[in-house]
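Structure, as structure tokens:
Treat the numbers as computed from the prediction; the structure is a model and nothing was measured.
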Amino acid sequence: MSISSRFISSDGLIPSTIFDGGDADMDISEEMEEIRELLYETIKKKFPRGVAADHLAKIYKEDYVDCGLGPKLPSNWLSQVKAAEEFEAQSRGPLTILFVRLHNGPTKKRVVPHPSSVVSPSPIVSVGKDESSPIHSPIQLAAMLSLSKESLSVGSRVIVVAFTHSADFYIRLESSHDELTNLKKHLKNEYEVSSSLKSQDVVVNGAYALKDSQGEHFRVIALSAPTLSSSLQCFFVDIGVRGSFPLSNLRHLKLNSVEMCPSLATRVRLSIEKEESHSALRHILFTNQNGETTPTPFEIVSIESEDRSGCRMVEMKDGNGRSIPQLLSEFMLTEKENKSSDESRLPSHLTLPAIGALSDFDSWMEMEAMRVEGMPRRPFLAHPIYACGPGEISLRQASLDPMPEYLYDRLNEECNDPASALTGLPQPGRFYAANVNGVWQRVQCVRSSKIDPNSFLLYLTDVGAFQYARPSAIRRLNALSPFKKMLIFKCKLFGVSPLGGAEVWSREAQSAVNDFLDKCESWPVEVVPRSEWSGWNQLNAPSLPLVEASIRSREGRDLADWLLYNRLAHPSI
């Protein structure tokens, strides 16, 4: 997969806000600031799940002090780190564990559920007798739910309630809406008189009642034991989705809540082999009007028995008698025509430039960002490139493809040309190419390191992140290159704010954004502008187009809604 269409890993990329000023009680000298930067980078890159302070000091000495790249740690370094808001310290017995708490920086600490909406529950297996219910244990109730399923047959009218791709999604009878509503009311009444559970009460693969963050009540299967933070993974048997919830949200499920109605969600798949069809399926299975997504009703034409994984093959048609393959063909044809029409209307600065053989490495390359007035006002597709949390996400318009492929291929060729070798030291404000994790990237030099004049802070203009590099990894750009546009823009997620009114996003929320976009792989996301375009600028980095927007995956999952659903953000509207 090309680097130009892949979500960039955050490993080794420096967040910009570590240069922010600190508390008045902190040592804000340049030397201490540089030490905090290096410690920050070490934790983020090598210990995303946290590290003991003593071990961090040892690694810092080996990586920086012994190599002459950094000053020795002062005696009060730990208290200085604790006082800085970009770090978080937790005491565990005699140990002090340090984490990074990012303003707008990336983290790969996977402490939240994966944002995939649809997964099958684990096979129901007994893990021992559950003493909380002498007659029907959670395991027995889960087995009853597994065996009791909504009756689907040829001619049934259904809607899709959860969708990943054509080989894995969930449907339920269109007529079961009232049944689901009554079930929720019944569960609410029982929930209010039930007592909360303790960790030892939960049995993996057992059935329970759960209240979600919106106050709705559901039947769920516990897919994991509670973590140290008292949260666990749950599968919603009547909806077909999965999420992580606090233990305090669960209650014991009673027999009458199981017998009231069968499991309403049925896992099915379609006989579609073309991978590119999966992204188009969402536009067929769901309708988006005025920002609201509603499922499209279908009629089952044929349905097969369950396979070994519990999935059933189905064929469906819409209200006009068109099959899914027919709808896909029509949609793909329309998209192709629209794309051709859009490309014919592209302004000249967005068309694919001709690639000549001329080179000039002696003159300075000048680059400029996309113009704010030329950015889309209506929903459009974009590739996620790099995430610094909900407040800052780097994306690139999908309409620019395949320009990035040509850009990176040409850049790789030019950087291997001996004429591109750097003479002297990089100059702040100038544009260069730098080898970052084995890939040549276009960069702008921000400044030299405060402790090592031969190390420079660079801004990756096509990624939207910061990185340190030595001159040996930097090359001059070809001033005659036809690629002079910075291809990314910045997005602030619409409708959410940090928990507790904080100004800093939690590392869990930032990790969730990173995981959500990382799961999109090479598929574009839908960007829905919610504000006017403006300019983004940080440090001495180039000013890029900025918009506050909603972001939706190809399966229709809204990133902001997903953060709210998992209690990682507060609504800001």
Side-chain angles (χ1 to χ4, degrees), residues 113 117-152 161-162 170-173 175-227 229-267 306 310 565-567:
S117 296
V118 186
V119 294
S120 298
S122 305
I124 297 176
V125 294
S126 178
V127 294
K129 184 178 179 181
D130 174 60
E131 301 296 337
S132 60
S133 176
I135 301 177
H136 293 93
S137 70
I139 290 290
Q140 292 173 321
L141 295 175
M144 295 171 64
L145 283 172
S146 177
L147 295 174
S148 174
K149 296 184 178 180
E150 192 174 53
S151 178
L152 298 177
V161 291
Y170 286 79
I171 61 175
R172 67 174 173 86
L173 288 172
S175 60
S176 64
H177 175 75
D178 292 341
E179 201 168 15
L180 181 61
T181 300
N182 292 334
L183 174 63
K184 290 180 180 180
K185 292 180 180 178
H186 173 80
L187 290 172
K188 180 181 179 181
N189 294 332
E190 289 196 346
Y191 189 96
E192 291 176 348
V193 297
S194 301
S195 58
S196 58
L197 303 181
K198 298 180 180 179
S199 296
Q200 57 267 29
D201 296 331
V202 176
V203 182
V204 177
N205 293 318
Y208 298 90
L210 180 142
K211 181 172 72 172
D212 70 2
S213 58
Q214 305 300 316
E216 299 281 352
H217 297 75
F218 299 92
R219 301 181 297 188
V220 300
I221 303 293
L223 299 179
S224 69
T227 64
S229 60
S230 296
S231 63
L232 67 159
Q233 296 271 338
C234 300
F235 175 78
F236 291 65
V237 298
D238 301 302
I239 304 296
V241 299
R242 170 182 175 174
S244 180
F245 289 86
L247 175 63
S248 58
N249 285 35
L250 266 69
R251 297 291 187 271
H252 279 301
L253 189 66
K254 296 185 178 180
L255 177 62
N256 58 352
S257 298
V258 174
E259 295 177 333
M260 184 173 180
C261 65
S263 299
L264 301 180
T266 301
R267 186 183 175 207
E306 290 186 357
Y565 186 76
N566 287 283
R567 298 186 175 182

Measure from the side-chain N and O atoms of [X] to the backbone N and O of [Y], and report whether any donor-acceptor pair falls under 3.5 Å.
X      : Y      : value
Asp201 : Lys198 : yes
Glu190 : Leu187 : no
Thr181 : His177 : yes
Asp238 : Leu264 : yes

How long is the span from the [atom1] atom in [X] to the [atom2] atom in [Y], to the nearest 0.5 Å?
X      : Y      : atom1 : atom2 : result
Leu145 : Glu259 : CG    : CD    : 10.5 Å
Ser263 : Ile239 : OG    : CD1   : 11.5 Å
Asn182 : Ser176 : CG    : OG    : 11.0 Å
Ile221 : Leu141 : CD1   : CG    : 9.0 Å
Leu253 : Leu255 : CG    : CG    : 9.0 Å
Asn189 : Ser194 : CG    : OG    : 10.5 Å

A side-chain contact here means heavy atoms from C-beta on lying under 4.5 Å apart; do [X] and [Y] qualify?
X      : Y      : result
Met260 : Asn256 : no
Arg251 : Tyr208 : no
His252 : Ser257 : no

Could you report the tightest heavy-atom contact between [X] and [Y], atom names first, then the distance?
X      : Y      : answer
Leu250 : Pro246 : CD1-O, 4.0 Å
Leu183 : Arg219 : CD2-NE, 3.5 Å
Val202 : Leu197 : CG2-CD1, 4.4 Å
Gly240 : Ala265 : N-CB, 3.8 Å

query: Parallel, tilted or perpendicular for Phe235 and Tyr170, by the 30°/60° rule?
result: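 Tilted: the ring planes of Phe235 and Tyr170 meet at 30° to 60°.
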task: Measure up the Tyr191 and His217 rings against each other and bin them: parallel (under 30°), tilted (30 to 60°), perpendicular (over 60°).
output: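 Answer is perpendicular, since the angle exceeds 60°.
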- prompt: Salt bridge check: are Arg172 and Glu150 linked by an N-O gap of less than 4.0 Å?
  reply: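 A salt bridge is absent here (no side-chain N lies under 4.0 Å from a carboxylate O).
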side-chain contact (heavy atoms from CB on, under 4.5 Å), paired with Lys188, selected from Lys184, His186, Glu192, Lys185: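 By the side-chain contact (heavy atoms from CB on, under 4.5 Å) criterion, Lys188 pairs with just one of Lys184, His186, Glu192, Lys185: Glu192.
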